[in-house]
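This report concerns only the one structure given below.
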There are 4 protein chains.
Amino acid sequence: MTQPSPLFDPETARGRLLASAARLFRDKGYAATTVRDIAAALGIQSGSLFHHFRTKEDILHAVMETVITAMLDDLTDQLAQAQTPREAVRALIAIELAYLHGPASDATSVLFHDWRALSDDRRTALLQGRNAYFALWDQTLATARSAGLTTIEPEILRQFLHGALAWTSFWYRPDRPLSREALTERALSLVLGSP
Amino acid sequence: MTQPSPLFDPETARGRLLASAARLFRDKGYAATTVRDIAAALGIQSGSLFHHFRTKEDILHAVMETVITAMLDDLTDQLAQAQTPREAVRALIAIELAYLHGPASDATSVLFHDWRALSDDRRTALLQGRNAYFALWDQTLATARSAGLTTIEPEILRQFLHGALAWTSFWYRPDRPLSREALTERALSLVLGSP
Amino acid sequence: MTQPSPLFDPETARGRLLASAARLFRDKGYAATTVRDIAAALGIQSGSLFHHFRTKEDILHAVMETVITAMLDDLTDQLAQAQTPREAVRALIAIELAYLHGPASDATSVLFHDWRALSDDRRTALLQGRNAYFALWDQTLATARSAGLTTIEPEILRQFLHGALAWTSFWYRPDRPLSREALTERALSLVLGSP
Amino acid sequence: MTQPSPLFDPETARGRLLASAARLFRDKGYAATTVRDIAAALGIQSGSLFHHFRTKEDILHAVMETVITAMLDDLTDQLAQAQTPREAVRALIAIELAYLHGPASDATSVLFHDWRALSDDRRTALLQGRNAYFALWDQTLATARSAGLTTIEPEILRQFLHGALAWTSFWYRPDRPLSREALTERALSLVLGSP
DNA sequence: AATGAATGAGGGTTCATTCAT
DNA sequence: CATGAATGAACCCTCATTCAT
């Protein structure tokens, strides 16, 4: 099962800072989170944040970039191991859910839902990594369609599936009776039907 | 086709205010939108806003409440006209997409994506209307499942579908080659498969 | 005798703000003056300053631009009335001292001594007005030299004289036994000798 | 010709620190220069500065005190060698220009133009050294007046001359066609007329 | 000596909100 | 109703200074 280790190294001040910031951004939104909130969560003064990051936006950027890179790496690995088109689609889902509800859940939620808060320049820069990630989705879904597993165009299906999974951050809790594996199967049968 | 008339009456100062605010909240987020932004969009001074609404949050609340009420009304109407379980599910989708991409798109996007910005009290109050709306979804999807159209539990399917549709506000543009009707069919075949 | 009326209209909030700011900039320097200092001198809150000026530097710029324009106007007038080269040089000195020690003394000191605090763009823009002013000095001093009143090149003499007069803001006080007229005569005899 | 050796010993860390600080203070002003600026110019961390000086103001004080002492020593020497009142006045000017445009130019500019930045206590303390220096000026100029070389009172003439020379730091560049010797002669003829 | 993370006060600025006109 | 100046709290960020290493 995909189980990412903590995205941010809890041994370093920088890692703890990013983890705390991600949590707050997720809960309150980037704009509504103050640097004093972040500092308070770490037990330091707000001025001290700026030894690690030059601006508040740099923190957001670092959070997002870290998730983007890690997700792309993990997805590449998992797709390489998938034996069938169905397994490949399951990998798409499993990784997305692992990030959204595993140790990286805060950062992943921020990446998905606070995209708007980045400045244009920054957003454009990060878009490259995102596009590479979604290109893998499109390829995988196109293969599934060729194999007759779905009739929906890959780009549209990708957006539907990504939306459905991103939305789980608002309602799914890992401690629910529904396990992440079970949730993965539900999503898989949404996209490809029951086998 | 479901075609809601403008949510906010452009004949009244209040209606124009809400429409402008909704547009800005959608584009920049509630927290990042200033009352001066809203006032400037209306060609008035920021102080004048407060003759219409006591606080900035009141504006957000009014926007959301208006959409919630209208969506609930429209959905009730449409479900009453649906002849089959499949048509009923199509109505769920059609209405959601009509709101997300028709004249009420700004307000609907705000309702879906800036939920967090409301204070706890306000959020709880609005949740009643939302719950009534989603109860209709659950019933409809339960009926569809009983009819053998899907195997996924109604609550889970509802969240998947709602997420997939909510996400279209980030990528679908009505002026695209893909018509709203076509998009509706794609979503329907995602949920229930091709007939 | 040249007696400029107050540079900044004490009837308007903007005028009072500029007068207070000029005084503080003169006493403590631009960088060492805080917007809270300025606000306190006016009996308002610091945030209120920003209804009148967008930034602190805008205040400095407005102070300087006002003096520059007024000095150029006054000098043009006075030179037109001078009958002899010696009288023309006296006008240069009299106006400079009138600004440095009359009602505009704060703003003029700031203009002379806090030039560095302006951003490059702003400085370049203001330099146009300053250059026009000094062009009049150069012409006047060139005429005096042609008339045999001095042997020093106009540009050099201009800088010497301007420096000598600018420096009076650090030591001369109008309430001293030495009147401004007497000081003017001393400066005139420095430049052109005793007649 | 008066040619002071470097004020600050480039062989010692302290000397290099003072030289760098003087340069920055001159360029940006004391208040606008940060201790990080100074540290960066030396290639060290800002915290390390405080092994050499207890406060930022101590640095400014050391810069000023060093110039004051050196100028007083040099002036005493040069006046002792002057044979005539005119030569004595030339020495006043030559030393001032040597400091303003020779190897000590940064520190001297700071002394002349950032006097305001010192705390009251420090300023009062340094004023003793300055007063001794200017007492020599006053004596020299009084002698020149007794000799009929000028009609202006010594204190006033001193301020005029000091201002005119101090101002050269804003416009005169040693690499100009005008040599420092030539500039000295111009200033001398300003004060005493052409012989 | 030097580091570099941390401090904590204070910097300029923004902003929702108020209110006399 | 609308204005626009004012508020005052809060914002992000800077800075001189400290200190354990």
Side-chain angles (χ1 to χ4, degrees), chain A residues 12-14 16-17 30-39 42-60, chain B residues 12-14 17 21 30-40 42-60, chain C residues 12-14 16-17 30-40 42-60, chain D residues 12-14 16-17 21 30-40 42-60:
Chain A
T12 70
R14 180 191 160 98
R16 287 189 299 274
L17 195 164
Y30 171 78
T33 302
T34 71
V35 295
R36 278 182 171 79
D37 290 336
I38 302 173
L42 295 164
I44 63 174
Q45 297 288 327
S46 68
S48 305
L49 289 181
F50 296 88
H51 278 275
H52 304 281
F53 293 93
R54 284 183 50 260
T55 68
K56 181 188 171 190
E57 200 195 349
D58 280 359
I59 300 177
L60 177 63
Chain B
T12 70
R14 181 192 160 94
L17 194 164
Y30 170 78
T33 301
T34 71
V35 296
R36 276 186 169 76
D37 290 336
I38 303 174
L42 295 166
I44 63 174
Q45 296 290 327
S46 68
S48 306
L49 287 182
F50 294 86
H51 289 283
H52 302 279
F53 292 91
R54 283 185 49 258
T55 70
K56 181 187 170 191
E57 200 195 351
D58 281 359
I59 300 177
L60 177 63
Chain C
T12 70
R14 181 192 158 95
R16 286 189 298 273
L17 194 165
Y30 170 78
T33 301
T34 72
V35 296
R36 284 178 173 82
D37 289 336
I38 302 173
L42 294 165
I44 63 175
Q45 298 288 328
S46 69
S48 305
L49 288 181
F50 295 88
H51 278 275
H52 304 281
F53 292 92
R54 285 184 47 260
T55 68
K56 181 188 172 191
E57 200 195 350
D58 280 0
I59 300 177
L60 177 63
Chain D
T12 71
R14 181 191 159 98
R16 288 189 298 272
L17 195 164
Y30 170 77
T33 301
T34 72
V35 295
R36 276 186 168 77
D37 289 336
I38 302 173
L42 294 166
I44 63 175
Q45 296 289 327
S46 68
S48 307
L49 287 182
F50 295 87
H51 288 283
H52 302 280
F53 291 91
R54 284 186 46 258
T55 70
K56 180 187 171 193
E57 201 195 350
D58 280 359
I59 300 177
L60 177 63

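FYI, side chains are in, hydrogens and waters are out, and symmetry mates aren't considered; it's all heavy atoms of this structure. Just so it is clear: chains get the letters A, B, ... in the order the sequence lines come, proteins before strands, and each one is counted from 1.
- If you take CD1 of B:I44 and P of E:dA16, they are 14 Å apart, rounded to a whole angstrom.
- The residue among A:G47 and C:K56 whose nearest nucleotide of DNA chain E is located toward the 5' end is A:G47.
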Canonical and wobble pairing (Watson-Crick, G-U, under 3.5 Å) of DNA chain E, dot-bracket with |: .||||||||||||||||||||
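- Rounded to a whole Å, the CZ atom of A:R54 is 12 Å from the P atom of F:dC15.
- Rounding to the nearest 0.5 angstrom, the gap separating the CG atom in B:L42 from the NE2 atom in B:H52 is 8.5 Å.
- Here C:Q45 does not reach the OP1 or OP2 of F:dA6: none of its side-chain N or O atoms lies under 4.0 Å away.
- Taking the side chain of C:F50 as heavy atoms from C-beta on, and the options E:dA2, E:dA6, E:dG12, the nearest nucleotide is E:dG12.
- One can place NE2 of C:H51 at 15 Å from C1' of E:dA20, the figure rounded to the nearest angstrom.
- Rounded to whole Å, atom P of F:dT18 lies 15 Å from atom CZ of D:F53.
- Evaluation of atom-type donor-acceptor distances gives no pair under 3.5 Å for the side chain of C:R36 against the base of E:dG10.
- Each of D:V35, D:I59, D:L60 was scored for a side-chain contact (heavy atoms from CB on, under 4.5 Å) with D:F53, with one residue passing: D:I59.
- Atoms CD (A:E57) and P (F:dC12) sit 13 Å apart, rounded to a whole Å.
- Counting to the nearest Å, the P atom of E:dA16 and the CD1 atom of B:I59 are 9 Å from each other.
- We find that CZ of A:R16 is positioned 12 Å from P of E:dA5, with the value rounded to whole Å.
- Rounding to whole angstrom units, CD1 of residue C:I38 and P of E:dG12 are separated by 8 Å.
- Of the candidates E:dG12, F:dC12, E:dT17, E:dT17 carries the atom nearest the B:S46 side chain, counting heavy atoms from C-beta on.
- Mapped onto DNA chain F by nearest heavy atom, B:L49 and A:D37 fall at different nucleotides, with B:L49 at the one closer to the 5' end.
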